[in-house]
Peer 1: 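The structure under discussion is supplied below as structure tokens; questions concerning it will follow.
Please read all numbers here as calculations on a predicted model, not as lab measurements. Count residues from 1 along the sequence.
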Amino acid sequence: MTAAAAAAHPFGVLSAHTKDQMYLVRRGHVFTSPWVVAETTRFSASILLTAKRSPFEMSINGCADRYRAVAVKPLVKRHLRAEDVQLVSIGISPSHRHYRQFRVLGCPGPGYLALPRDAYTDFDIPLQAAYNGTLTIDAAQQLFEDIVDLTVAFFPRLKRADPRIERALEMLQEKPHYPLTELADAVGLSYDRMSHLFADAVGLPLRSYTLWQKLRVASSLFHRGMTLTEIAVVAGFTDSAHLSNAWLKAYGASPSYFINSDCVEVRAFPGRAVRRPIPAQRFAER
């Protein structure tokens, strides 16, 4: 494959030699890959670093630079170029206790913060194990929490959110498809006021949060042998195209890539579903 052809593939160029690894931990994920050349706008907050300390390139708002470790605010469009550098991506879900702290990387800031890679030296061995696919899910959970805890120590401290927004978050956790106007009534706010307070407190607009909830539900269904159309309906999307477009924008590749066991190895806690290998012929139905 030529360099130009390889650059057109966001993931999987080196999967014949090294698979991507996905560890679905509680309140987030740890994803490793030998090759990512993609533009994404993620709902999760992110911490990006490399297992072997090699730099990768990231471009935001047309400004490209090279990093060995960086934190990125949710909903920041970024172009990532990480070719054979052992990338490790830590994705922090909106339900995580530290997620809101990443909003300080926004206005008046650029939406990201370069981090000192040497601060993560103690994690070099488990990071390498994660990349090699030899990390247990329990160890991945510990690695995830330790790296998030260390990273937010570089951020300013935040005030606690309005208790009505805290209650709204609890209700959305219990019922992801809660009608938003009814949710506003339930917590004693107008819809507009709730939307404003929610975005300010969480760092993610309310409608983006509910879209993330739908994607989270969809990801839990991929293992069940369902078609994308069936998954889309259950998760609350209009159709499979709506789901695929939302997934592509958020993760940089189609759902079929992430459920292809030839490319991605997935581990998860009991209760977080792991898909069974999907035969190649099933992709035609999706």
Peer 1: Within the distance-only criterion (no hydrogens, no angle test), does the side chain of Glu57 pair as donor or acceptor with the backbone N or O of Ala82 below 3.5 angstrom?
Peer 2: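 Judged by distance alone, no pair lies under 3.5 Å.
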Peer 1: More than 12 non-hydrogen atoms from neighbouring residues, nucleotides or ligands closer than 6.0 Å to NZ on Lys77, yes or no?
Peer 2: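 Atom NZ in Lys77 is not crowded, with 12 or fewer foreign heavy atoms closer than 6.0 Å.
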Peer 1: Does Asn245 reach the main-chain N or O of Ala241 with its side chain, forming a donor-acceptor pair under 3.5 Å?
Peer 2: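 Pair found, side chain donor or acceptor close to backbone of Ala241.
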Peer 1: Using 30° and 60° as the class limits, which term best fits the ring planes of Tyr67 and Phe56: parallel, tilted or perpendicular?
Peer 2: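 Taking Phe56 first and then Tyr67, their aromatic rings sit tilted (interplane angle of 30° to 60°).
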Peer 1: Just so I know, are the side chains of Glu83 and Val37 near enough to count as touching, which here means a heavy-atom distance under 4.5 Å?
Peer 2: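 The answer is yes; the side chains approach within 4.5 Å.
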Peer 1: Please work out which of the three classes, parallel, tilted or perpendicular, describes the rings of Tyr120 and Phe154, given edges at 30° and 60°.
Peer 2: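 It falls in the tilted class, 30° to 60°.
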Peer 1: Hydrophobic clusters here meaning ILVMFWY residues chained together by side-chain heavy-atom distances under 4.5 Å, can you tell me if Leu204 and Tyr191 are in one?
Peer 2: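 Yes, Leu204 connects to Tyr191 through the hydrophobic network.
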Peer 1: Give a yes or no answer on whether the side chain of Ser93 reaches the backbone of Ser95 with a donor-acceptor pair at less than 3.5 Å.
Peer 2: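 Side chain of Ser93 to backbone of Ser95: no pair is present.
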Peer 1: Distance check, rounded to the nearest 0.5 Å: Gln213 atom CD versus Arg216 atom CZ?
Peer 2: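 Going from the CD atom of Gln213 to the CZ atom of Arg216 covers 4.5 Å.
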Peer 1: Is the backbone N or O of Cys63 less than 3.5 Å from a side-chain atom of Asn61, with the two atoms forming a donor-acceptor pair by type?
Peer 2: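 Not a single qualifying donor-acceptor pair exists.
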Peer 1: Taking all atoms of both residues into account, what is the closest heavy-atom pair of Leu211 and Ala246, and its distance?
Peer 2: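 The pair with the smallest heavy-atom distance is CD1-CB, 4.3 Å.
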Peer 1: Is Glu166 salt-bridged to Arg100, going by a charged N under 4.0 Å from an acidic O?
Peer 2: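 Between Arg100 and Glu166 there is a salt bridge, with a charged N closer than 4.0 Å to a carboxylate O.
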Peer 1: Quick check: does any side chain N or O of His96 sit under 3.5 Å from a backbone N or O of His98, one acting as donor and the other as acceptor?
Peer 2: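 The answer is yes, because a donor-acceptor pair under 3.5 Å joins these two groups.
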Peer 1: Which atom pair, heavy atoms only, marks the closest approach of Ser46 to Arg42?
Peer 2: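 Scanning both residues completely, I find the closest heavy atoms to be OG-CD, 3.9 Å.
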Peer 1: When you look at Thr227 and Thr229, which way does the side-chain hydrogen bond (donor to acceptor under 3.5 Å, both in side chains) test go after all the steps?
Peer 2: CA-CA 5 Å; Thr227 66; Thr229 297; 4.6 Å; no
Peer 1: Using a cut-off of 6.0 Å, state whether more than 12 heavy atoms not belonging to Arg207 lie near its atom CZ.
Peer 2: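 No - once you tally the heavy atoms of other residues, nucleotides and ligands closer than 6.0 Å, there are 12 at most.
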Peer 1: Specify the closest pair of heavy atoms between Pro255 and Leu228, including all atoms of both residues, with the distance to one decimal.
Peer 2: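 For Pro255 and Leu228, the tightest heavy-atom pair comes out as CB-CD2, 4.2 Å.
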Peer 1: Side-chain contact test, heavy atoms from C-beta onward, threshold under 4.5 Å: evaluate it for Phe258 versus Trp247 and give yes or no.
Peer 2: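 Yes. Closest side-chain heavy atoms under 4.5 Å.
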Peer 1: Taking the side chain as C-beta and beyond, is there a heavy-atom pair between Met194 and Val187 under 4.5 Å?
Peer 2: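 Yes, at least one pair of side-chain atoms sits under 4.5 Å.
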Peer 1: With a 4.5 Å cut-off on side-chain heavy atoms, are Thr40 and Tyr251 touching?
Peer 2: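 A side-chain contact is absent here, since even the closest heavy-atom pair is not under 4.5 Å.
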Peer 1: Could you go step by step and tell me if His29 and Tyr23 meet the side-chain contact (heavy atoms from CB on, under 4.5 Å) rule?
Peer 2: CA-CA 6 Å; His29 67 263; Tyr23 300 85; over 6 Å; no
Peer 1: Decide yes or no on side-chain contact (heavy atoms from CB on, under 4.5 Å) for Val72 and Phe102, but give the supporting numbers first.
Peer 2: CA-CA 7 Å; Val72 185; Phe102 282 78; over 6 Å; no
Peer 1: Please name the pair of heavy atoms, one in Leu113 and one in Phe155, separated by the smallest distance, quoted to 0.1 Å.
Peer 2: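 So the minimum-distance heavy-atom pair works out to CD2-CE2, 3.7 Å.
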Peer 1: Is it the case that the side chain of Thr151 and the backbone of Ile147 share a donor-acceptor pair, with hydrogens and angles ignored and the cut-off at 3.5 Å?
Peer 2: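 Confirmed, Thr151 side chain pairs with Ile147 backbone.
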Peer 1: Hey, are the side chains of Pro74 and Phe43 touching, using non-hydrogen atoms and a 4.5 Å cut-off?
Peer 2: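 No, side chains not in contact.
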Peer 1: For a 4.5 angstrom cut-off between non-hydrogen side-chain atoms, does Leu189 reach Ile165?
Peer 2: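 With C-beta onward as the side chain, the pair touches.
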Peer 1: Return yes if some donor-acceptor pair links the side-chain N/O of His242 with the main-chain N/O of Thr238 below 3.5 Å, else return no.
Peer 2: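 Present.
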Peer 1: Give the minimum heavy-atom separation between Leu248 and Ser254, together with the two atoms involved.
Peer 2: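 Shortest heavy-atom contact: CD1-N, 4.0 Å.
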Peer 1: Side chains of Thr210 and Tyr178, heavy atoms from C-beta outward: is any pair under 4.5 Å?
Peer 2: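 Result no, sub-4.5 Å side-chain heavy-atom pair not found.
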Peer 1: Within the 4.5 Å heavy-atom criterion, are Thr32 and Asp20 side-chain neighbours or not?
Peer 2: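 The answer is no; the side chains never approach within 4.5 Å.
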Peer 1: Throw together a table of side-chain donor-acceptor distances under 3.5 angstrom for residues 127-144, partners on residues two or more places apart or in other chains.
Peer 2:
unit_1	atom_1	unit_2	atom_2	d
Gln128	NE2	Gln86	OE1	3.3
Gln128	NE2	Asn132	OD1	3.3
Asn132	ND2	Gln128	O	3.3
Thr134	OG1	Ala129	O	3.3
Thr136	OG1	Ala139	N	3.1
Gln141	OE1	Arg26	N	2.8
Gln141	NE2	Glu145	OE2	3.2
Gln142	NE2	Asp146	OD1	2.9
Gln142	NE2	Asp146	OD2	3.3

Peer 1: If we ignore hydrogens and angles and just use 3.5 Å, is the side chain of Arg53 paired with the main-chain N or O of Arg117 as donor and acceptor?
Peer 2: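 Such a contact is absent between Arg53 side chain and Arg117 backbone.
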Peer 1: To check you understand the geometry: which heavy-atom pair defines the closest contact between Leu115 and Ala71, and what is its length?
Peer 2: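 Heavy-atom minimum between the residues: CD1-N, 3.7 Å.
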